Amino acid sequence: MNMIKTVKGTTDILAPEVLLWQRVEGVLASTAKAYGYEELRTPTIEVQELFSVSVGQTTDIVEREMYSFPDKKGRHLVLRPEGTAPACRAYVEHQLNVQPSPSKFFYMGSFFRYEQPQSGRKREFHSFGVEAIGEQSHLQDAEVIDLVFTMLSRLGLTGLSVDVNSIGDASCRPQYKELLQASLKTHEDKLCDDCKRRLMENPLRVLDCKREDPQLLASLPKSVDFLCDECRTHHALLLSALDSLHIPYRQNSRLVRGLDYYTKTVFEVLSEDLGAQSALLGGGRYDYLVRQLGGPQTPAVGWGLGMERLIAIVAAHSPDLAASLPPLRIYVVHSDTATTAAFELRRRLVESGVAVDIDVRSDSFGKQLARASRRGARYAIIIGDDESSRGTVTVKDLSTGTQETLESDGLAEYLDGRSR
RNA sequence: GUGGGUGUAGCUCAACUGGUUAGAGUACCGGACUGUGGAUCCGGUUGUUGGGAGUCCGAAUCUCCUCACCCACCCCA
């Protein structure tokens, strides 16, 4: 078929499914607000430099996955590939460090990466994330993780746990990196081709490789064993806070993240229901990012989750939420001469907060009622010649078939009494 | 970027080994039934068989190219 279609890796979200999106987005946003986070909306386009200095020049995201283009003045722009760097850019740009600390944000929206689409991975995908900027305490790490579990619980998802690790900071990671590199060099001949390349550029990522021999990986030095005092204390306090809060976590010494800005705490929530793209949520601490972007030294922690992946899990695990009730739907059926009266009736009802659909085709009542029931209406309001001349309406309950005639002035109240 | 799988009405699928005008269910529209719906019956619309080239008397079917989707690698949310 020769028709214009969605761009590869993008999709339309249509009627039944979009209801689930609205509901899930509502739960996420309201929970974040209840935890004291405020919504932050940043632009979809940013200058390319924002991500090369923050996410990292050698990461895949920056090297080959960004949608980048020059604008008409030759500026190097990109469609945002992730949400943390823009949040920090906004924090620095608006000097939010003068506001009470920490600044706590949540965001939701579209992000873009030029990748081969597969299950749980689109070129335009949707993220929800939170960022707490300006607090170094381990309890801030604990709070953002606690928020995750409150959200998951409100969505009816149980049985998930978070993988946690610490990858150190500027005072201990360089030494660990060297140690790991040295250890990897003694096994270089056994590494896969990708890991040979990673060995020089980003040795931590070898730990994440699924192709390597598990025994070999287990024998490598672990970052948690080489933390400086400050990082070790932070990590230990975080774990004990998670214990006290009964948050299910696993220590995973192989957990590293693909973005360069992380320090100390890193974490992920994985799900078996997601196929190969099993990461539902990922995040961590990024204590140097604000400074890198030109702000004052400011510790921060946050996470982002993939909406497509969350929706898939909710649909599989929480069918009652997935099969959300259709809205109470009222359908106005009218005769030719009552068109104006029908439109005015709807206007009054909508102003009083009742959702009303109207059939603009004033053909036979049988036709209109048939359309009303096919569209899932609970009630039909019939306003024909008789009703419009008397100032009444007939309300028919389409599930029981019963109907009664009442004064049109009392209609809003009547429906309100029945809507729940 | 690399591999594997799949492309036929809006949806679910047929169509023998290559053989007339590509069918059925469902959906949609209309009628029986112009002041009362979901049922039933009758009728109707729906396709460049993803697109292009080739082989052949003849292609949805075989070959090649291309595009899209699905899955996986890679990477990540």
Side-chain angles (χ1 to χ4, degrees), chain A residues 1-11 14 55 58-65 80-84 107-129 148 192-195 197-198 202 205 208-211 256-259 267-271 274-283 302-313 331 333-338 359 361-388 394-403 405:
Chain A
M1 256 168 275
N2 187 17
M3 58 167 67
I4 298 172
K5 294 190 290 190
T6 54
V7 170
K8 178 170 180 166
T10 68
T11 193
L14 304 179
V55 172
T58 65
T59 58
D60 288 300
I61 291 175
V62 169
E63 268 181 353
R64 39 180 247 260
E65 293 176 358
R80 57 183 181 177
E82 62 102 47
T84 298
Y107 62 84
M108 52 205 294
S110 285
F111 297 87
F112 304 84
R113 292 184 201 172
Y114 194 91
E115 296 182 277
Q116 205 56 252
Q118 70 184 70
S119 181
R121 193 173 73 189
K122 297 260 173 206
R123 288 185 172 178
E124 179 182 19
F125 61 100
H126 299 82
S127 272
F128 181 98
V148 170
C192 71
D193 292 344
D194 286 327
C195 286
R197 182 173 53 83
R198 291 184 186 119
N202 202 340
R205 298 266 296 285
D208 216 13
C209 182
K210 292 167 203 143
R211 300 237 292 274
V256 296
R257 317 231 56 248
L259 289 70
F267 55 89
E268 278 182 0
V269 174
L270 307 172
S271 168
L274 289 174
Q277 308 304 314
S278 59
L280 167 65
L281 175 147
W303 51 255
L305 71 78
M307 285 298 297
E308 281 80 0
R309 298 177 187 185
L310 180 60
I311 295 283
I313 296 175
Y331 207 78
V333 166
H334 65 99
S335 68
D336 216 10
T337 56
D359 202 318
R361 287 186 257 177
S362 54
D363 47 8
S364 79
F365 282 16
K367 287 273 178 56
Q368 295 190 65
L369 286 166
R371 285 197 288 269
S373 56
R374 264 177 290 154
R375 310 193 108 205
R378 177 76 203 283
Y379 297 99
I381 297 169
I382 301 168
I383 173 159
D385 298 351
D386 295 349
E387 287 85 353
S388 66
T394 299
V395 180
K396 184 181 178 81
D397 184 325
L398 291 169
S399 56
T400 63
T402 58
Q403 66 182 52
T405 300

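Because the structure is a prediction, the values reported are computed rather than measured. Within every chain, numbering begins at 1; the chains are lettered A, B, ... in the order of the sequence lines, protein sequences first and strands thereafter. Reckoned from all heavy atoms, side chains included, excluding hydrogens, waters and symmetry mates.
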Check every strand shown and say whether [X] touches a base, only sugar-phosphate, or nothing at a heavy-atom separation below 4.0 Å.
X: A/Lys367; value: sugar-phosphate
X: A/Arg121; value: base
X: A/Ser373; value: base
X: A/Glu63; value: nothing
X: A/Gly401; value: base
X: A/Gly120; value: base
X: A/Leu398; value: base
X: A/Gly9; value: sugar-phosphate
X: A/Leu310; value: nothing
X: A/Gly384; value: base
X: A/Ile61; value: nothing

Can you tell me which residue among A/His126, A/Gln277, A/Arg121 is in a side-chain hydrogen bond (donor to acceptor under 3.5 Å, both in side chains) with A/Glu308? A/His126
Lys/Arg N to Asp/Glu carboxylate O, A/Arg361 vs A/Asp336, below 4.0 Å: no
So what's [N] paired with, Watson-Crick or G-U wobble, going by both distances under 3.5 Å?
N: B/rA72; answer: B/rU2
N: B/rU21; answer: none
N: B/rU40; answer: B/rA32
N: B/rU46; answer: none
N: B/rA77; answer: none
N: B/rA14; answer: none

Taking the side chain of A/Ser119 as its heavy atoms from C-beta onward, which of B/rC71, B/rG37, B/rG35 lies nearest to it? B/rC71
A/Glu387 has its side chain closest, among B/rG1, B/rC29, B/rG35, to B/rG35
Do [X] side-chain and [N] base share a donor-acceptor contact under 3.5 Å?
X: A/Gln403; N: B/rG35; value: no
X: A/Arg113; N: B/rA77; value: yes
X: A/Arg309; N: B/rC76; value: yes
X: A/Gln118; N: B/rC74; value: yes
X: A/Gln277; N: B/rA72; value: no
X: A/Arg374; N: B/rC28; value: no

Write down the distance between [atom1] ([X]) and [atom2] ([N]), rounded to a whole number of angstrom.
X: A/Phe365; N: B/rG37; atom1: CZ; atom2: P; value: 12 Å
X: A/Lys5; N: B/rU66; atom1: NZ; atom2: C1'; value: 12 Å
X: A/Glu65; N: B/rG1; atom1: CD; atom2: P; value: 12 Å
X: A/His334; N: B/rU36; atom1: NE2; atom2: C1'; value: 15 Å
X: A/His126; N: B/rC76; atom1: NE2; atom2: P; value: 21 Å
X: A/Asp363; N: B/rG31; atom1: CG; atom2: P; value: 8 Å
X: A/Leu270; N: B/rA77; atom1: CG; atom2: C1'; value: 11 Å
X: A/Asp359; N: B/rG37; atom1: CG; atom2: P; value: 15 Å

For A/Phe125 and B/rA77, say yes or no: do the ring centres fall under 5.5 Å of each other while the ring planes differ by less than 30°? yes
Looking at B/rG38, I'd like to know if its phosphate oxygens (OP1 or OP2) sit under 4.0 Å from a side-chain N or O belonging to A/Arg371. no
Verify the contact: side-chain N or O of A/Arg64 to OP1 or OP2 of B/rC74, cut-off strictly under 4.0 Å; return yes or no. no
Do [X] and [Y] have side-chain heavy atoms sitting under 4.5 Å apart?
X: A/Lys122; Y: A/Glu115; value: no
X: A/Phe111; Y: A/Pro81; value: no
X: A/Asp359; Y: A/Tyr331; value: yes
X: A/Arg378; Y: A/Asp397; value: yes

Within 45 degrees of the axis of the six-membered ring of A/Phe125 and under 6.0 Å from its centre: does A/Arg113 put its NZ or CZ there? no
Residue mapping more 5' on RNA chain B - nearest nucleotide basis, A/Pro117 or A/Ser399: A/Ser399
Please tell me which of A/Thr10 and A/Glu308 maps to the more 5' nucleotide of RNA chain B, matching each residue to the nucleotide holding its nearest heavy atom. A/Thr10
Salt bridge (charged side-chain N to carboxylate O under 4.0 Å, His left out) between A/Arg205 and A/Asp60: does it pass, once the steps are laid out? CA-CA 12 Å; A/Arg205 298 266 296 285; A/Asp60 288 300; 3.3 Å; yes
How far does the P atom of B/rG10 sit from the matching atom of B/rG47, given to the nearest Å? 7 Å
